[in-house]
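For reference, the structure discussed in these notes is given below.
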Amino acid sequence: MAYWLIKSEPDTWSWDQHMKKGADAWTGVRNHQAKAHLNAMKKGDKAFFYHSNEGKEIVGVSEVVKEAYPDPTDKTGAFVCVEFKAVEPVKTPVTLATVKAELPDMVLAKNSRLSVQPVTADEWKKIRKLAGLK
DNA sequence: GCCAACGTTGGC
DNA sequence: GCCAACGTTGGC
């Protein structure tokens, strides 16, 4: 099982909306690095849900329910999307400042613009702990 | 609201 | 195929 981090601006798609909806397609990715990560995702993989701009913190955990397929919002057909379902909200949001302090090597701390990022097993465990999850 | 970092575009 | 110009993202 692999771990990921997906970002969303709460103005566009927030964790609250995600939880209410249950499962939804993660569309709108227009970056080839991010696309490569989406293609690598397998059903059952877990991902942290991160709010950019507003909050700048990890607010929940999602799970891949449908692997990469052509993004219906992309007319060119070049990009893909993945479907996620909300699994659990965090007890304590993990802010970008905390990530930078505790996990300075994370992609999030180094390349904050990438919208889909891989997370290592060690990083996953550490962030879960910081977030108050088992 | 500003600006740095990054990706993409387009002229040559 | 290089690189300058431009647009976008996202932290501050």
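Each chain gets a letter, A, B and so on, in the order the sequences are listed, and its residues count up from 1.
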*Quick one: is dC6(B) close enough that its OP1 or OP2 comes under 4.0 Å of any side-chain N or O from Gln33(A)?*
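Checking Gln33(A) against dC6(B): no side-chain N or O falls below 4.0 Å of OP1 or OP2.
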
_Strictly below 4.0 Å: does Lys100(A) bring a side-chain N or O up to OP1 or OP2 of dC12(C)?_
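So the side-chain polar atoms of Lys100(A) do come within 4.0 Å of the phosphate oxygens OP1 or OP2 of dC12(C), strictly under.
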
To the nearest Å, how far apart are [X] [atom1] and [N] [atom2]?
X         : N       : atom1 : atom2 : result
Arg113(A) : dG7(C)  : CZ    : P     : 14 Å
Glu9(A)   : dG10(C) : CD    : C1'   : 7 Å
Leu108(A) : dC6(B)  : CG    : C1'   : 16 Å
His32(A)  : dT8(C)  : NE2   : C1'   : 15 Å
Asp11(A)  : dT8(C)  : CG    : C1'   : 16 Å
Asn111(A) : dG7(B)  : CG    : C1'   : 11 Å
Lys110(A) : dG10(C) : NZ    : P     : 19 Å
Glu57(A)  : dG11(C) : CD    : C1'   : 14 Å

_As a test of reading the structure: which of dT8(B), dG7(C), dG11(C) is closest to the side chain of Asn53(A), going by heavy atoms?_
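That would be dG11(C).
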
*Among dG11(C), dT9(C), dG7(B), which is the nearest nucleotide to the side chain of Leu96(A)?*
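Per side-chain heavy atoms of Leu96(A), the pick is dG11(C).
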
*Qualifying residue, where the test is side chain to side chain contact (heavy atoms under 4.5 Å, CB included) with Gln33(A) and the options are Val116(A), Leu38(A), Leu114(A)*: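 Answer to the side chain to side chain contact (heavy atoms under 4.5 Å, CB included) test with Gln33(A) among Val116(A), Leu38(A), Leu114(A): Leu114(A).
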
*Scan Met41(A), Glu63(A), Lys46(A), Lys66(A) and name whichever one has a side chain to side chain contact (heavy atoms under 4.5 Å, CB included) with Phe84(A).*
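Output: one option passes, namely Met41(A).
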
*asked:* For a salt bridge (Lys or Arg N to Asp or Glu O under 4.0 Å) check, start with the C-alpha distance between Glu83(A) and Lys43(A), then their side-chain angles and the critical distance, and finish with the verdict.
replied: CA-CA 9 Å; Glu83(A) 283 183 20; Lys43(A) 197 171 175 180; over 6 Å; no

_Base, sugar-phosphate or nothing for Leu114(A)? Non-hydrogen atoms, less than 4.0 Å._
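Counting heavy atoms under 4.0 Å across all strands, no contact is made by Leu114(A).
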
*Salt-bridged, Asp71(A) to Arg30(A), with N to O below 4.0 Å?*
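Looking at Arg30(A) together with Asp71(A), the answer is yes, because their closest N to O distance falls below 4.0 Å.
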
